[in-house]
Amino acid sequence: MLKIINRYLDDVRDHLKLDKASESEVMRELESHIEDRLTEMKETGMSDEEAALACLGFLGSARLVAHQFYEAHSQGSWRQALFASLPHLLFALLFALNWWQGVGWLVVIIGLILGTALYGWLHGRPIWLFPWLGYLLVPVIGAGLLLLYLPKGWSWLAVVAYIPLAFWLLRIVAIQTVRRDWLCGALMLLPVPIVIALFIVAAQGSWFLGLDVIQISELANWIGLSFTGLAATAIAFVRIRQRSLRISVMLVSGIILLTLISLYAGPGLSFGTFLLLVLIMTGLVFSPAILDKRIRRKELKSLEKRHPEAWNAKTGQ
């Protein structure tokens, strides 16, 4: 196939933001359509170059074609939507049924999340994976908190070893998630401000590792309801096709959940803290988009330095 066609197909692939299975299906469909078009045009007497230019002119910009394919193929099934909601529902049950008081249940749920996240990561990173990945970060954060309780002689050494390892892991997860689709990164990070708000509410009165056990018991049903709200958000995200609506759903649901937490928390969550958490949530939703732009800019600069001809072809210069 002509270089101009291959370049066009590469541009479409760069903007698809679909899982590997859907991407392969879309690219096969598009390649087949282009080949049929080229054959028809060359039968009218056009040269290869003329047929290619006419075909691409008919299709339109690569970004627009990718957007159309995205809306046609990005909607997940109800099965995928329910599977995406499962980690939130597991934590909802953990509190609603008071399982959080048993370390065994917590270990089982974290183990299940770890196994499921690894399976999804190694099998094409489907859309249901990213809520599971968000909870996979919980043990990483928890391990960092537990390091604070080590003897003084060991704590600094453990922290020095832990911080580079934690950042290395978070960096890999963040970059690979953004390469798949920055919206998936936003979905992964959405529970963070909600969990922070719940932690603030629970961190009152008698402390154990920063948590008030009595306070958690009294608010267990409300905490479970908050995680159920996150589950509903995950379902809506998977079933919606349009990217703008997916962003709106995350922002609106996040604000609603933070408002709900501030209402049942009473004085435990001040208005200033609420606004700060809304800002954090907004930043987390859009930070993967910023990371995505930085990665793309870095890749283009690297391509320009190592392969000037390929860079000129990609940028149309």
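Since we're looking at a predicted model, the values are computed, not measured. Heavy-atom basis, side chains included; hydrogens, waters and symmetry copies ignored. Numbering of residues begins at 1 and proceeds along the displayed sequence.
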For residues 285-293, tabulate all N or O donor-acceptor pairs below 3.5 Å that involve a side-chain atom, not counting sequence neighbours.
| unit_1 | atom_1 | unit_2 | atom_2 | d |
| --- | --- | --- | --- | --- |
| Ser287 | OG | Gly283 | O | 3.2 |
| Ser287 | OG | Leu284 | O | 3.2 |
| Asp292 | OD1 | Arg296 | NE | 3.4 |

Let me check something: do Ile255 and Leu275 share a hydrophobic cluster, defined by ILVMFWY side-chain heavy atoms less than 4.5 Å apart, either directly or through other members?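 As far as the 4.5 Å side-chain criterion goes, Leu275 and Ile255 are connected within one cluster.
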
Going only through I, L, V, M, F, W and Y residues with side-chain contacts under 4.5 Å, is there a path from Leu9 to Leu38?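 Same cluster.
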
Donor-acceptor pair, Gln80 side chain versus Ser77 backbone, under 3.5 Å?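 Here the side-chain-to-backbone pair exists.
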
List the atom of [X], the atom of [Y], and the distance in Å for their closest heavy-atom pair.
{"X": "Ala197", "Y": "Leu277", "answer": "CB-CD1, 3.5 Å"}
{"X": "Glu31", "Y": "Arg13", "answer": "OE2-NH2, 4.2 Å"}
{"X": "Pro131", "Y": "His88", "answer": "CB-NE2, 3.7 Å"}
{"X": "Gly224", "Y": "Ala92", "answer": "O-CB, 3.3 Å"}
{"X": "Arg239", "Y": "Ala81", "answer": "CG-CB, 4.0 Å"}
{"X": "Asn98", "Y": "Ala220", "answer": "OD1-CB, 3.8 Å"}

I'd like to check [X] versus [Y] (side-chain heavy atoms, cut-off strictly below 4.5 Å). Are they in contact?
{"X": "Leu190", "Y": "Ile194", "value": "no"}
{"X": "Thr44", "Y": "Glu40", "value": "no"}
{"X": "Phe95", "Y": "Leu225", "value": "no"}
{"X": "Ile223", "Y": "Trp100", "value": "no"}
{"X": "Met188", "Y": "Val173", "value": "yes"}

For residues 102-126, which side-chain donor-acceptor pairs fall under 3.5 Å, sequence neighbours excluded?
| unit_1 | atom_1 | unit_2 | atom_2 | d |
| --- | --- | --- | --- | --- |
| Thr116 | OG1 | Leu112 | O | 2.8 |
| His123 | ND1 | Tyr119 | O | 2.7 |
| Arg125 | NH1 | Gln176 | OE1 | 3.2 |

One pair to check against side-chain contact (heavy atoms from CB on, under 4.5 Å): Phe227 and Leu198. What are the steps and the verdict? CA-CA 10 Å; Phe227 284 108; Leu198 294 174; 3.8 Å; yes

Does Phe130 have any ring-ring contact (aromatic ring centres under 6.0 Å, His included) partners at least two apart in sequence or in another chain, and if so, which?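 ring-ring contact (aromatic ring centres under 6.0 Å, His included) list for Phe130, sorted by chain: empty.
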
ring-ring contact (aromatic ring centres under 6.0 Å, His included) against Phe274, all qualifying residues, sequence neighbours excluded: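 None.
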
Hey, could you give me each pair passing side-chain hydrogen bond (donor to acceptor under 3.5 Å, both in side chains) that has a residue in residues 272-281? Not counting sequence neighbours.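 Matches after skipping sequence neighbours: Ser270-Thr273.
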
According to side-chain hydrogen bond (donor to acceptor under 3.5 Å, both in side chains), does anything in residues 223-235 pair up with another residue at least two apart or in another chain? List the pairs.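 Listed by first then second residue: Ser226-Tyr264, Thr233-Ser253.
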
Quick one, Trp222 with Ile261, criterion side-chain contact (heavy atoms from CB on, under 4.5 Å). Give me CA distance, side-chain angles, the key distance, then yes/no. CA-CA 8 Å; Trp222 288 104; Ile261 294 171; over 6 Å; no

My understanding is that only residues two or more places apart in sequence, or in another chain, count here; which of them pass salt bridge (charged side-chain N to carboxylate O under 4.0 Å, His left out) with Asp181?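 Once residues adjacent in sequence are excluded, the partners of Asp181 under the salt bridge (charged side-chain N to carboxylate O under 4.0 Å, His left out) criterion are Arg243.
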
Using a side-chain heavy atom cutoff under 4.5 Å and only I, L, V, M, F, W and Y, what cluster partners does Leu279 have?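 Joined to Leu279, directly or through intermediates: none.
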
Please report, to 0.1 Å, the donor-acceptor pairs under 3.5 Å made by any side chain of residues 245-252, with sequence neighbours excluded.
| unit_1 | atom_1 | unit_2 | atom_2 | d |
| --- | --- | --- | --- | --- |
| Arg246 | NE | Phe237 | O | 2.8 |
| Arg246 | NE | Ile240 | O | 2.9 |
| Arg246 | NH1 | Tyr70 | OH | 2.6 |
| Arg246 | NH2 | Ser74 | O | 3.1 |
| Arg246 | NH2 | Phe237 | O | 3.3 |
| Arg246 | NH2 | Ile240 | O | 2.9 |
| Ser248 | OG | Ser244 | O | 3.0 |

Using the test side chain to side chain contact (heavy atoms under 4.5 Å, CB included), find all partners of Ser32 that sit at least two apart in sequence or belong to another chain.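 Per chain and number, Ser32 pairs via side chain to side chain contact (heavy atoms under 4.5 Å, CB included) with Asp36.
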
Side-chain donor/acceptor pairs under 3.5 Å, residues 51-68, sequence neighbours excluded:
| unit_1 | atom_1 | unit_2 | atom_2 | d |
| --- | --- | --- | --- | --- |
| Ser61 | OG | Leu64 | N | 3.2 |
| Arg63 | NH2 | His15 | NE2 | 3.4 |
| His67 | NE2 | Glu71 | OE2 | 3.1 |

Just checking Phe83 against Trp132, ring centres under 6.0 Å apart?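 Close enough - the centres of the two rings lie under 6.0 Å apart.
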
Going by side chain to side chain donor-acceptor pair (under 3.5 Å), name the residues that satisfy it together with Asn221, two or more places apart in sequence or in a different chain.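 With neighbours one apart ignored, the set is empty.
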
